Every structure is written in structure tokens, then in C-alpha cells.
Amino acid sequence: MGTSGYILYYENYTPVGDLTVMACCIVFMILMHVAYNIKNKNYRLLMAMIGMLTMASLTSVGYHMMLNARTSLPTGLIYAFRSLFHLGLFMNMFLLLIYVMEPLQLDLRAGRRYVIAGVAGLVVMGLYENLGYVFKYGFYIDEFGMIHDGFNWFAIGYLYFVGLIVWLLLYYRGRMVKQILYGIIGSFIMSFAMFAVQGMHNQVSFTTGCFIYPLITLMYMIHSNPYNIEIGAVNVSAFEDMITYIYRHKKDRILMSLMMLEFEGTGKHYPREIQEVIRDFTHRFFKGAVLFQLSNGRMVLTADPEKNPDYKESAQVMLKHFGEAYNTYRLDYKIVFLRTNREVSKNHDYIRLLNYLESKMDMNSVQIVGEKEYEAFHNMNYVLAQLEDIRKRGDLNDPRIEVYCQPVLNIATGKYDTAEALMRMKLPETGMVFPDVFIPLAEEFGFIHDLSRIILFKTCVRIKKLLGQNFNVQRVSVNFSVSELRDAGFCDDVKKIIDDVGIPHEKIAIEITESQNESEFRIVKDRVNELRQDGIKFYLDDFGTGYSNFERIMELPFDIIKFDRSLVIACGADVKSEKMVSHLAQMFSAMNYSVLYEGVETEQDEEKCIRMSARYLQGYKYSKPIPIDELVNWFEKTA
């Protein structure tokens with residue numbers, strides 16, 4: 001375009017392109033508002049980009065219409081609309097630059113040079129255009145109403161921002177999911193192609209349309225609708241976004257979790273009739289409720305308590321209707337009802353909280369969570385954090401793990417020369433933590449062998465001290481879980497600790513429970529055989545508590561079979577039970593297994609167990625668990 005003469009811009013422009021972009025932007029904003037539940041930073045940036053493009057489209061229409069009627073309009077008004085038109089487009093690009101910094105893990109400080117470059121581009125291009133109006137260069141309208149157009153600075157500005165964003169994406173390409181990276185760059189290629197084709201045909205009608213492709217890419221790949229069409233639920237990612245939002249903005253939510261174990265981890269989905277019931281519940285009882293599907297079996301309904309001041313009453317009504325639905329469909333469930341907690345929100349721990357609560361619930365029951373339940377959960381998390389720290393430190397003498405023991409009576413000698421080592425945990429904030437609390441956590445999260453190594457080490461140290469003081473120590477048993485024996489380094493671990501402390505191997509016995517798994521059994525058998533060759537004894541713990549495979553028991557070279565307390569109790573119930581237990585004990589004794597009865601509490605228990613071929617007795621009749629240092633009060637000296 002020349003620098004003089006009358007330029008008919010409006011002859012190369014039709015408002016169809018801008019009006020289409022405006023309509024698309026309005027639809028985008030409606031979809032974003034309805035479908036994207038959490039109004040986080042990315043949401044606000046994308047909405048701002050859409051807003052800038054809407055403003056650019058609107059002012060583009062106004063600007064080009066004014067060019068057609070410029071003789072009757074103030075020149076300054078035309079300049080203002082033109083500047084707003086270009087500002088909207090370049091602000092759209094600047095916000096896109098800021099947007100892509102987050103998935104690239106760049107905050108404003110780390111990406112400061114890119115932000116400065118973007119701001120500089122906005123300032124330089126804004127000054128160039130607006131000063132041109134004053135000093136009559138570039139685009140301006142002279143006193144005769146004629147339009148002058150100089151160098152196409154707008155195309156340079158467009159290329160500058162595209163180049164800046166693409167360079168940023170490529171420079172940090174290893175930090176972004178490749179599909180998203182390729183999608184954004186591909187949208188720029190399409191935009192540039194459209195911009196070039198428009199220029200080749202001397203058109204200006206589709207300028208704003210060149211900027212819409214990156215927005216479509218972001219909406220589709222990052223902000224796509226997370227709804228499950230069948231049930232009307234959003235996904236676990238949206239749930240995590242909601243938790244982040246309420247924590248940052250100090251908000252509160254009501255959560256109602258429904259777990260149906262029949263569908264959890266199976267790949268199966270709720271039947272259609274159940275989906276209809278859940279869809280109905282979503283909006284029937286609470287205002288503005290949102291349903292999340294966190295797994296195949298878990299649905300979580302959330303609502304704002306400010307919009308639902310009577311939520312407790314509404315929850316009771318909903319539970320009543322759910323009970324009626326259960327009577328119809330008979331699908332087992334667990335329901336947890338709670339209000340969000342700041343600490344849990346901070347750590348994104350709601351799924352773990354729900355799992356923790358459900359593990360303690362009966363089937364087809366409802367748990368309403370209060371301060372007591374949150375306190376128990378925080379204590380559990382504290383114990384778990386301590387277990388993690390114990391592993392990290394790797395200190396076999398860690399003071400947080402204490403060894404208690406229970407002396408065992410040797411029937412043949414009438415003396416106490418063996419004991420069972422028991423694990424205790426003593427923490428700074430909570431004091432003593434008992435095994436039923438921390439051992440399941442240690443097993444679930446893979447810390448149990450770290451604790452077993454500590455107990456074995458401390459037991460060996462104490463045995464060495466007792467032997468040095470001439471106490472008669474036949475052996476002390478230490479419990480290990482079958483899962484620990486799966487580790488190829490288990491035997492080496494055990495032997496190294498015993499050898500490093502420097503006590504005879506036969507002074508240690510290992511207690512394990514029976515394995516139910518065939519492949520696991522083979523591994524256990526190999527480990528037992530290897531350690532027995534080094535003199536270490538083995539106990540079969542908890543015999544009688546479940547299904548026992550006698551063929552497997554016979555295959556494993558145990559030294560002692562520990563009859564569980566439940567068998568002792570059963571013997572007191574009827575003569576038939578006593579005969580059965582007695583015959584089992586006689587059979588084991590005849591095969592050179594020693595029988596140890598646990599849970600002996602009374603004289604009657606003791607007499608009965610002795611009649612039933614007892615070799616060792618253990619229980620509260622003799623001693624409760626005591627710190628291992630107190631064994632000096634039970635064992636006798638040899639000289």
C-alpha cells in the first residue's frame with residue numbers, strides 16, 4: 001500500500017470474519033464457565049485471552065466501519081478504535097506467552113526475560129503506532145481525509161510474538177507433554193498460513209481469525225470438558241483442581257463420598273439405573289452441587305455450604321432416599337460425609353482420608369466425619385511421616401523403635417530361657433504407638449523391613465549383653481512378615497546384622513505366618529532352608545487362625561509351631577475341641593516340632609495346655625510384654 005492517495009480499506013474488508021470470531025468467543029466463554037468448574041489461574045488467563053480477542057473483533061468491526069464514514073467522524077475516534085483493535089490482538093498474544101510458562105514450570109521470576117520481552121514488544125508497537133498518528137508516519141489520516149499507510153508494522157509485531165512464544169516452547173520442550181507442544185506450534189503454523197494467504201489476496205477481513213487457532217488448541221487439549229456424559233460427573237483431575245482452588249481461596253466444601261466396592265478396580269461401570277439415581281441426587285438435594293468420579297467405584301458429590309446452609313438436613317434426606325434405592329438394587333456401599341479440612345486440602349489427602357475411613361467401616365454404613373476422625377487421620381499421617389523418616393535415616397539404633405518382649409516358659413526346665421521380641425514405636429508428639437496402628441501402615445507402604453531390621457539389631461545387641469553377663473539365653477524370636485522374605489537380599493540382611501553384633505546364630509529365631517500363595521511358598525521355603533543351615537531357628541506363628549495347609553507345613557522345616565490363643569479358648573468351649581487340638585499337638589510333637597501355646601492367662605489354661613503336649617507357654621499369666629532390658633529379671637545366670 002502506498003504512502004499517499006485515498007485507500008479503500010473497507011473495499012477489502014467484510015465484517016463476517018470478525019463477527020464469526022466474536023460469536024465463537026462468546027460460545028467459548030459460556031462453555032468454559034459451565035464446563036470448567038475450578039476458576040484457577042489457567043482458567044482466568046484463557047478467559048482473558050478470549051476476552052481480548054472478543055474486544056479486538058468488536059473494535060475491528062467498528063474501526064473498519066468508521067473508515068467508510070470517516071468524513072463525518074473525528075479522526076481521533078478512528079485512531080482509538082484502531083489502537084484498541086491491535087492492542088486486543090497483541091494482548092492476546094502476550095497472555096498466551098504468560099499462559100505457556102506454567103506447563104513449562106516457569107514462574108514469572110524464572111521466565112522474567114520472556115515477560116520483559118513481551119512487555120517491550122507491547123510498548124514499542126503501541127508507541128510506534130500512536131506516535132505515527134501525531135508525527136504523520138505509518139498509518140494516518142491527513143487534513144483532507146486521505147488515508148496514508150506506511151510500513152506494515154503489524155505483521156512484524158505478529159511475527160515477533162509468534163517467534164517469542166515458539167522459541168520459549170522449543171527451548172523448554174523437554175518440560176511439556178509433546179502432544180500439547182506439537183498442538184500449540186501446529187496452531188501457530190495454521191494461523192501464519194491464514195495470515196499469509198489473506199495478505200496475498202490483499203484482504204483484512206480475517207485478521208482476528210488468525211488468532212483463534214491457539215485458543216481452540218488450549219481449550220481442546222487442556223481445558224476440554226471433563227464431564228462423563230452418562231453420569232454427569234467430572235474426573236479426578238478436576239477434583240484435584242477444586243481442592244487447590246478452595247485451599248488457595250480459603251473456601252469450604254461439603255463432600256459426600258460413595259464407594260461401591262463391586263466396581264472398584266474391576267473396569268466395570270455403574271449400571272444405567274444406578275447412574276440415573278446418582279444423576280438425580282446430584283442436583284436434587286444441594287444447590288450448585290458438582291459430582292466427581294474419582295475411580296470406577298468412587299463418586300464424590302461436592303457442594304458449597306454457603307449456598308446450602310441447611311446441608312445437614314439435606315444430607316439426611318438424601319441418605320434416606322439412598323437407603324430406599326439400596327433396597328431396590330442391593331449394591332453394597334460405604335458412604336462418608338464430611339466438610340473440608342485445611343490441612344487435608346493443603347496436602348491433597350482426601351482420597352487417602354476416604355480410604356483410611358472406609359477401612360474401618362462396616363459394609364453398607366455411613367460415616368459422618370468430625371474432629372475426632374480428622375485427629376485420628378492426622379495422627380496416622382504423622383506416624384507415616386515418621387516411618388518415612390526412619391527409612392531415610394537408616395539408623396539401626398533409631399530410638400523411635402523400641403523392643404519389648406514377652407518371656408516364654410520352658411515346660412521341660414520350668415524356667416524362662418526364651419522370649420518373643422515385640423515391636424513398639426515411641427514418637428515425640430504422640431508417645432507410645434502400638435503395633436495395631438503402625439504395623440499395618442508399615443506393611444501397606446513398604447516400611448516393614450526397615451522396622452524388622454531395627455528390632456533384629458536391638459534384640460541381638462541385648463542378647464549379647466545378657467550372654468556377657470552369663471545369663472542363660474536359649475534364643476529370642478523376632479517376627480518377620482512373609483512379604484519380607486520375598487526380597488532376594490533378605491537372608492544376607494539377617495545374617496549380616498547377627499554377625500555384625502557378634503552373637504551365635506542359634507540365639508535368634510524367626511517367626512513367620514503361613515503363606516497362602518504357591519509361588520510365595522516356594523520362596524519362603526528357600527529362605528527358611530538357607531537360614532536354618534546357618535543355625536537360625538524358625539517358628540510358625542498364629543497356627544489355627546485361618547486355613548492351614550498341612551502339606552505345606554510339613555514341607556517347611558519349622559522348629560516350633562505356635563498355637564494361637566483362639567485354640568486355647570476353643571479348648572475351653574467343649575471336649576471335642578480340646579481333643580482335636582490335643583491330637584494336633586501330639587502329632588506335631590511326634591514329628592519333632594515343639595508346640596508353644598500363646599495367650600495362656602489362667603491356671604486352667606496352663607493345666608490344659610500342658611495336657612495337650614505343650615513344650616512352651618506364653619501369655620499374661622506369666623508376664624505382659626516388657627521392655628527387653630527387663631529380661632534380666634526373668635532369665636537365670638548359668639554361673
Side-chain angles (χ1 to χ4, degrees), residues 1 7 9-28 45-46 49-61 63-64 82 85-100 103-104 114 117-118 121-122 125 129 139 149-173 176-224:
M1 297 180 181
I7 301 174
Y9 267 71
Y10 58 89
E11 291 183 352
N12 300 324
Y13 172 80
T14 171
V16 172
D18 285 321
L19 292 175
T20 301
V21 170
M22 255 192 290
C24 289
C25 288
I26 291 170
V27 172
F28 289 169
L45 278 172
L46 187 56
M49 283 187 270
I50 296 171
M52 286 295 151
L53 197 54
T54 305
M55 181 190 81
S57 300
L58 184 62
T59 52
S60 175
V61 173
Y63 161 65
H64 287 97
R82 178 185 169 91
F85 166 41
H86 291 157
L87 176 65
L89 294 178
F90 287 128
M91 277 298 298
N92 172 272
M93 298 294 282
F94 177 74
L95 291 171
L96 180 58
L97 174 70
I98 302 299
Y99 184 99
V100 298
L104 294 174
Y114 294 98
L122 288 173
M125 287 173 244
E129 180 170 40
F139 176 90
D149 196 6
F151 184 71
N152 190 358
W153 70 272
F154 179 79
I156 298 300
Y158 173 72
L159 291 173
Y160 173 80
F161 271 107
V162 170
L164 187 61
I165 295 170
V166 170
W167 171 260
L168 175 64
L169 290 170
L170 293 177
Y171 188 81
Y172 293 102
R173 60 187 177 277
M176 181 179 279
V177 177
K178 288 183 178 180
Q179 290 87 340
I180 297 176
L181 174 68
Y182 297 155
I184 296 174
I185 292 177
S187 71
F188 279 131
I189 293 172
M190 187 64 194
S191 299
F192 182 78
M194 185 174 177
F195 197 82
V197 170
Q198 177 182 252
M200 290 169 58
H201 291 81
N202 198 29
Q203 264 286 339
V204 292
S205 303
F206 302 99
T207 302
T208 53
C210 299
F211 289 76
I212 202 167
Y213 296 113
L215 297 185
I216 295 173
T217 300
L218 294 180
M219 282 196 63
Y220 182 79
M221 302 196 77
I222 301 177
H223 297 269
S224 55

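Quantities reported herein were computed from a predicted structural model and do not represent experimental measurements.
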Here the gap from Cys24 atom SG to Leu53 atom CG, rounded to the nearest 0.5 Å, amounts to 9.5 Å
Should Phe211 and Met93 count as side-chain neighbours, where that means a heavy-atom distance under 4.5 Å?
yes
Please report the closest heavy-atom contact between Cys25 and Thr54, naming both atoms and the distance.
CB-OG1, 3.0 Å
A side-chain contact here means heavy atoms from C-beta on lying under 4.5 Å apart; do Val21 and Phe206 qualify?
no
Would you mind reporting whether Thr207 and Asp18 have side-chain heavy atoms less than 4.5 Å apart?
no
Do Met194 and Tyr213 have side chains that approach each other closer than 4.5 Å (heavy atoms only, starting at C-beta)?
yes
When rounded to the nearest 0.5 angstrom, what distance separates CE in Met91 from CE in Met55?
8.5 Å
When rounded to the nearest 0.5 angstrom, what distance separates CE in Met125 from NE2 in His86?
11.5 Å
Pairwise distance CG(Leu87) to CG(Leu122) - rounded to 0.5 angstrom
7.0 Å
Note, Thr208 side chain near Phe85 side chain (heavy atom, < 4.5 Å)
yes
In a table with atom names and distances, give each donor-acceptor pair under 3.5 Å that connects a side chain of residues 158-169 to protein atoms at least two apart or in another chain.
{"residue": "Tyr160", "atom": "OH", "partner": "Ala117", "partner atom": "O", "Å": "2.8"}

For the pair Phe154 and Phe90, name the ring-plane relationship: parallel under 30°, tilted 30 to 60°, perpendicular over 60°.
tilted
For the atom pair OH (Tyr171) and CZ (Arg173), what is the distance rounded to the nearest 0.5 Å?
10.0 Å
Checking Ser205 side chain against Thr14 main chain: does a donor-acceptor pair fall under 3.5 Å?
yes
Can you find a pair of side-chain heavy atoms, one from Leu96 and one from Phe188, that are under 4.5 Å apart?
yes
How long is the span from the CE atom in Met190 to the CD1 atom in Ile212, to the nearest 0.5 Å?
12.0 Å
